[in-house]
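Below is one structure, written out as structure tokens; the observations come after it.
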Amino acid sequence: MTQKGLEEVVAAETRLSDVDGVNGRLWYVGYDVHDLATSSTFEEVVYLLHTLRLPTEAELDELSDRLVAEREVSPFLAGMMPTLAQQTSPMSMLRTGVSAASAYDPDGWEDTPEANERKAMRLIAKTPTLIALYHRMRTDQEAVPPNPKLPHAANFLYMLSGEEPDQEDAVALDTTLILYADHTMNASTFTARVIASTLADMFSAITGAIAALKGPLHGGANEESMKMLEEVGDPSNAERYVKDKLARRERIMGFGHRVYKTEDPRATHLRRLSQELGERKGDPRWFEISAEIERVVASEKGLHPNVDFYAASVYRHLGIPTDLMTPVFALARMPGWTAHVREQYADNRLIRPESEYVGPRDQVYVPIAQRG
Ligand code: CMC
């Protein structure tokens with residue numbers, strides 16, 4: 001029997017993350033995401049996902065230094081960027097940029113576990129630079145070179161705006177990156193693992209993952225959520241807006257989930273961040289609209305917000321343009337994707353499911369000249 005959308009099909013064993021959709025729990029390598037979101041850093045989560053344990057201080061310093069050292073993109077990529085900035089959407093740029101990055105990776109086509117670990121770190125380190133460079137070029141601003149003194153999240157905001165973010169903004173972004181870092185067999189991670197299972201290279205797998213993330217049912221939902229907040233414009237419009245949309249049988253972006261039947265634990269933190277940022281920046285409107293949409297969707301449809309809904313208003317407060325919100329999801333998911341690809345290589349079997357044929361059978365072939 002066809003399991004449409006592969007719902008509940010277990011496609012791989014993983015040591016990286018686990019979800020309890022009934023109780024709204026999420027763990028990375030057995031650590032509760034609530035603890036990681038409040039106490040860890042993105043760099044530490046990178047270490048955790050790639051090494052399956054938390055680092056010592058010295059190990060974390062070493063990893064952070066490695067990521068800092070790999071932030072610059074090759075002249076080849078920088079040379080492509082003016083054209084990409086003019087011609088392509090941000091996610092298409094990222095898909096093309098990551099694919100093109102394979103051309104100048106120092107490990108070339110070497111596919112040893114060590115080379116793949118290095119490729120993973122380079123992809124994690126360079127993705128923020130690609131996004132920021134693209135944004136600077138499309139807005140006719142000077143490129144801002146990475147600042148080696150700043151951690152991953154703060155450096156991204158710095159390269160994007162040219163100004164060092166304050167500590168609270170940097171921590172808020174860092175928390176969202178932790179929350180987005182991995183999530184079991186979501187569509188983009190599955191895509192990456194399918195590609196890796198053919199023994200295609202790391203860059204091919206991640207290029208495919210970015211392509212899968214782009215769609216509005218997956219990573220594209222944070223951008224669609226932001227557009228919805230703008231369309232609603234004021235909390236008093238939320239009820240009418242949601243009811244009209246549901247009457248037209250349209251989806252409310254940022255709501256619902258294949259696995260969570262209750263609150264997405266990531267949404268709990270993003271809601272808090274959205275409220276805090278709104279208050280701190282003196283602009284509580286986005287949070288208020290969001291909270292009202294959440295209330296109406298719950299009463300009309302019984303659906304909970306997923307990770308993408310409150311991420312939208314958080315990113316708005318952090319100065320991230322709407323069409324860069326999905327690329328930011330990609331830069332956050334990079335450690336998860338690359339760790340899954342390495343895990344797939346380490347114990348590989350070609351992923352090749354079945355299909356159920358539902359077309360006509362036993363048709364008689366008629367030569368073209370005799371077809372009426
Ligand atoms: N708005 C309105 N109705 C919805 C929504 C929604 N956002 N999500 C699910 N439903 C309804 C759907 O219409 C269906 O109702 P009915 O049985 O009356 O036709 C029922 O809930 C089941 O929907 P489904 O499409 O079978 O559920 P799914 O598990 O295939 O879909 C989903 C999961 C995330 C694609 C879906 O909830 C959705 O389209 N959400 C909006 C897009 C979104 O926010 N995506 C981000 C997902 S989480 C993070 C990420 O991956 O980026």
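Small disclaimer: the values here were computed from a predicted structure and weren't measured. The basis for the numbers below is simple: all heavy atoms, side chains too, and nothing from hydrogens, waters or symmetry mates. Counting starts at 1 for both ligands and their atoms, following the listed order. All residue numbers refer to positions in the sequence shown, counting from 1.
No N or O atom of R266 sits closer than 3.5 Å to an N or O atom of ligand 1.
Set against the non-hydrogen atoms of V307, the atoms of ligand 1 under 4.0 Å away are 49 (C). Close approach to F255 involves these atoms of ligand 1, each under 4.0 Å from a residue heavy atom: 6 (C), 7 (N), 8 (N), 37 (O), 38 (C), 40 (N), 41 (C), 44 (O). Those atoms of ligand 1 that come under 4.0 Å of a heavy atom in G254, given as number and element, are 43 (C), 44 (O). Here is the list of ligand 1 atoms found below 4.0 Å of a heavy atom in G256: 34 (C), 37 (O).
Taking all atoms of both residues into account, the shortest heavy-atom contact from H317 to D283 is CE1-O, 3.2 Å. In terms of heavy-atom proximity, A196 sits nearest to Y345 at O-CE2, 3.5 Å.
Contact analysis puts G219 in contact with ligand 1, with a non-hydrogen atom separation below 4.0 angstrom.
Without hydrogens or angle criteria, H218 side chain to S188 main chain gives a donor-acceptor distance under 3.5 Å. Listed for the N222 side chain is a donor-acceptor partner under 3.5 Å among the backbone atoms of M325. Between the side chain of R95 and the main chain of I210, no donor-acceptor pair closer than 3.5 Å is present. Side-chain atoms of Q275 do not come within 3.5 Å of backbone N or O of R272 as any donor-acceptor pair.
Within a 4.0 Å radius of atom 17 (O) of ligand 1, the protein contributes no non-hydrogen atoms. Of the protein's heavy atoms, at least one falls inside 4.0 Å of atom 5 (C) of ligand 1. Protein non-hydrogen atoms do not reach within 4.0 Å of atom 26 (O) of ligand 1. For atom 41 (C) of ligand 1, the nearest protein heavy atom lies under 4.0 Å away.
Annotation: side chain of V45 is not in contact with side chain of L177 (no heavy-atom distance under 4.5 Å). The side-chain heavy atoms of M121 and L63, taken from C-beta on, include a pair separated by under 4.5 Å. At least one side-chain heavy atom of T338 sits under 4.5 Å from a side-chain heavy atom of M202.
Under 4.0 angstrom from ligand 1, the non-hydrogen atoms of D308 all belong to its side chain. Under 4.0 Å from ligand 1, the heavy atoms of P216 that appear belong solely to its backbone. Contacts of L303 with ligand 1, taken as heavy-atom pairs under 4.0 Å, involve the side chain alone. Contacts between F329 and ligand 1, counted as non-hydrogen atom pairs separated by less than 4.0 Å, involve the side chain only.
Here the shortest heavy-atom distance to atom 43 (C) of ligand 1, taken over A221, G215, A311, S188, belongs to A221. Of the listed residues (H257, E224, M253, R258), the one carrying the non-hydrogen atom nearest atom 48 (S) of ligand 1 is H257. Closest to atom 35 (C) of ligand 1 by heavy atom, among H218, E250, R251, K301, is R251.
The protein heavy atom nearest to atom 1 (N) of ligand 1 is I252 N, 2.9 Å. For atom 19 (O) of ligand 1, the nearest non-hydrogen atom of the protein is R249 NH2, 3.9 Å. Nearest protein heavy-atom neighbour of atom 45 (N) of ligand 1: L217 O, 2.9 Å.
M185 forms part of a hydrophobic cluster together with L6, V9, F190, V194, I351, judged by ILVMFWY side-chain heavy-atom separations under 4.5 Å.
Under the side-chain contact (heavy atoms from CB on, under 4.5 Å) criterion, A200 pairs with I195, T198, S204, not counting sequence neighbours.
Between Y180 and F329, the ring-plane angle classifies as parallel under the 30° and 60° cut-offs.
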